[in-house]
Chemist: 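I'd like to ask some things about the structure below.
Below, read A as the first sequence line, B as the second, and so on, with proteins coming before strands; counting in each chain starts at 1. Only heavy atoms go into these numbers, but all of them, side chains included; no hydrogens, no water, no symmetry mates. Keep in mind that what you see is a predicted model, and the values were worked out from it rather than measured.
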Amino acid sequence: MYSPLHELLQGSPYFTKVPSKKEEKWRFSNLFNYLDKEYQKASIPTQKVPSKEEANVLEIHDGQLISHHLPSCVHIKEHSIFCEIEVNPFAKLASHSSPYPLELNIFEDVDLKLYFHYNNECFLSSNLNIILQEGVKANIYLYFKGGENSFISHANHVKLESKSKLYLTQEKHLSKTAVLISQDCLHLHENSYLQNFNLLSQGEYLHHFSKADLHYQSELKVSSLLLSSDAQRDIFSCDINHLADGSKSQVLSKQVIKDKSTCVFDANTMIAKGTKATQAQQSSHALLLSESAQIHAKPHLEIYSDDLSASHGSTVGELDELAISYLLSRGISLSKAKEILVSAFINEVIEDIEVSEHQKRVFKALGETDV
Amino acid sequence: MLKIKNLEVSIADKEVIKGLDLEVKAGEVHVVMGLNGTGKSTLLKAISGSYETSSKGKMYFLDEDIIELGADERAVKGVFMSFQNPIEIPGVNTIYFLKTAVNEQRKSRGEEELPSPIFMKELQEKMSFLEIDKSILQRSLNVGFSGGEKKKSEILQMMMLHPKLILLDEIDSGLDIDALKSVAKGINSLLSPQTSLIIVTHYNRLLEYIKADFVHILQEGKIVKTSDASLAKELEEKGYEDVLSSS
């Protein structure tokens, strides 16, 4: 048994100490609460034979690739590590302590589904590198499941070569007692496009970082839907660097928070000096369904250029009483009226998902959650 | 159909209706008029069970005491209120809302849900009757609707829900002549010996299309005068002060 965060104190080359409560970038993160929690190392996962129906599906258990059935345009490399941009310490932890980092190098248009299964009561790292070659379009759906009483660190490193397009949807519906620190390190070369949607719907503590470097005329859309209940804590952090002319970014986050749960939205968009015609937007919208629910929203723009268009905004509210009243007046029960209004609130961010198959899967996942 | 005795209604701790009696029999059309702020909308909200109102007194609908019932329960029993300013609900598309309302009411009454083809057929017939463009079905409820579209949407909902007691709060406000005729057509199509109507209005023009049985004047939270349809015309010609001082 060992404590994953203490490992960092014991000579990890990537940083020398765990960020203290004071040093944590955003004080509403309570990651330090897990400092002394003990976990066992994951055991070797069981093998699974791929079935014929599972074309373009990869199964990854506790970070190890178990099965795959892929077209020839996707080259798999195991044990590959790359990291194009500076990332946070936990991304490095995931990359370099993952026993089975996996790389997918994609040469032609493809649709893929990846299932990340996690064992129980373990400390686990997993790492996925995705490289899209020039002009390639890919739709990739990642599912994260399991991890009861586990501490999981996962990193996606994504490199989009010029004119490539990636539609990446990530569904994080883990065990209720799972802790997941996940990060996306995104590097967009010129004229590339990435739409990245994250659904954080179940886990004791889900912390998702997204860090992106945007080059000439590249475009990034990051959206997230955080559904928090019980005493859950969900954090969505985003650092976007506009490094060249004509780059665009859009961050949209919606949070539905109930019981005693807490959500954090922490977005920072930097527009570098000398860049021209940049566009950047950030917005966060929270719906509080109980008195003890909390949202901490910190949209932040760091602007060093004077040729750009940028905006940020944040709203927090409860269900509209007048809207509820209107629905009641039509014979719709109170519980159904609330359900309709919560669905209406979250529909905007889901309908933004450009791949209809991904949209359907997210709607299906929502049907299985207690929103 | 509806019997109200000694009704007192408050909104935000302010007493608005101060001891009102009203009886509406099945098949009757009642009009409530009065100066601004006299409690006309509050009366309709109280009958419909709006959360904004706090009511005391007796209120019987189809011989059942409904004073403690919520708005949704009253709607299921057959009360429908059309709002003066229908609220916009982004993200809830109109057709989904209509279907949900119809089926939730049916479910509450122990009836089976209406199959989609039957629902769509009835909806299309009614939209055609009211001259409503089908494009509104995919739009969010009331979002971006013109004043006329909002009122027609209210009448469409009414026609799909088949109520027994219809409450119309200034349905004619903001309507052009053609829209007014469409709305009146929709209302008249529902009137029957089993359906009653209470209309709040400031003007006589709607009553040129809908035959009123009684006109009441509300003042300071009470009905101070009741007469037949000619009262509305008299009010338009002479004004409230003259009409009330001569009675």
Chemist: Assess whether atom NZ of K126(B) is packed by more than 12 heavy atoms of other residues, nucleotides or ligands within 6.0 Å.
Modeler: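 Enclosed.
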
Chemist: For E351(A), is the CD atom crowded, meaning more than 12 foreign heavy atoms sit under 6.0 Å from it?
Modeler: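 Yes.
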
Chemist: Is L341(A) close to chain B through its backbone or its side chain, or both, or neither, when contacts mean heavy atoms under 4.5 Å?
Modeler: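 The answer is the side chain of L341(A).
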
Chemist: Any chance you could measure Y326(A), atom OH, to M81(B), atom CE, to the nearest 0.5 Å?
Modeler: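 So the gap between those two atoms works out to 10.5 Å.
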
Chemist: Measuring only between side-chain heavy atoms, which start at C-beta, is F80(B) closer than 4.5 Å to S329(A)?
Modeler: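 F80(B) vs S329(A): side chains apart.
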
Chemist: Distance check, rounded to the nearest 0.5 Å: E88(B) atom CD versus L322(A) atom CG?
Modeler: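 Here the interatomic distance stands at 12.0 Å.
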
Chemist: Can you tell if the side chain of S50(B) reaches within under 4.5 Å of the side chain of S325(A), non-hydrogen atoms only?
Modeler: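 A side-chain contact exists here, since the closest heavy-atom pair is under 4.5 Å.
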
Chemist: When only pairs under 4.5 Å are counted, which of S343(A), A323(A), A337(A) shares the most heavy-atom pairs with chain B?
Modeler: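 Option with the greatest count: A323(A).
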
Chemist: Between F97(B) and I340(A), does a side-chain contact (heavy atoms from CB on, under 4.5 Å) hold up when you go through it step by step?
Modeler: CA-CA 9 Å; F97(B) 160 74; I340(A) 289 171; over 6 Å; no

Chemist: Going from NZ on K336(A) to CD on E104(B), what distance comes out if it is rounded to the nearest 0.5 angstrom?
Modeler: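 Atom-to-atom, K336(A):NZ and E104(B):CD are 5.5 Å apart.
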
Chemist: Side chain from CB out, backbone as N, CA, C, O: work out which of these in N85(B) comes under 4.5 Å of a heavy atom of chain A, or both, or neither.
Modeler: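 Neither part; nothing is under 4.5 Å.
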
Chemist: Given a strict heavy-atom distance threshold of 4.5 Å, which part of E321(A) is in contact with chain B: side chain, backbone, both, or neither?
Modeler: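 Both backbone and side chain.
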
Chemist: With a 6.0 Å cut-off (strictly less than), is the heavy-atom count around NZ of K150(B), excluding the residue itself, greater than 12?
Modeler: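 Counting neighbours around NZ of K150(B), more than 12 heavy atoms of other residues, nucleotides or ligands fall under 6.0 Å, so yes.
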
Chemist: Counting C-beta onward and ignoring hydrogens, is there a side-chain heavy-atom pair between D72(B) and L327(A) closer than 4.5 Å?
Modeler: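 Counting from C-beta outward, D72(B) and L327(A) never come under 4.5 Å.
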
Chemist: Are I87(B) and D320(A) side-chain neighbours, meaning at least one heavy-atom pair lies under 4.5 Å?
Modeler: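 Of all side-chain heavy-atom pairs linking D320(A) with I87(B), at least one is under 4.5 Å.
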
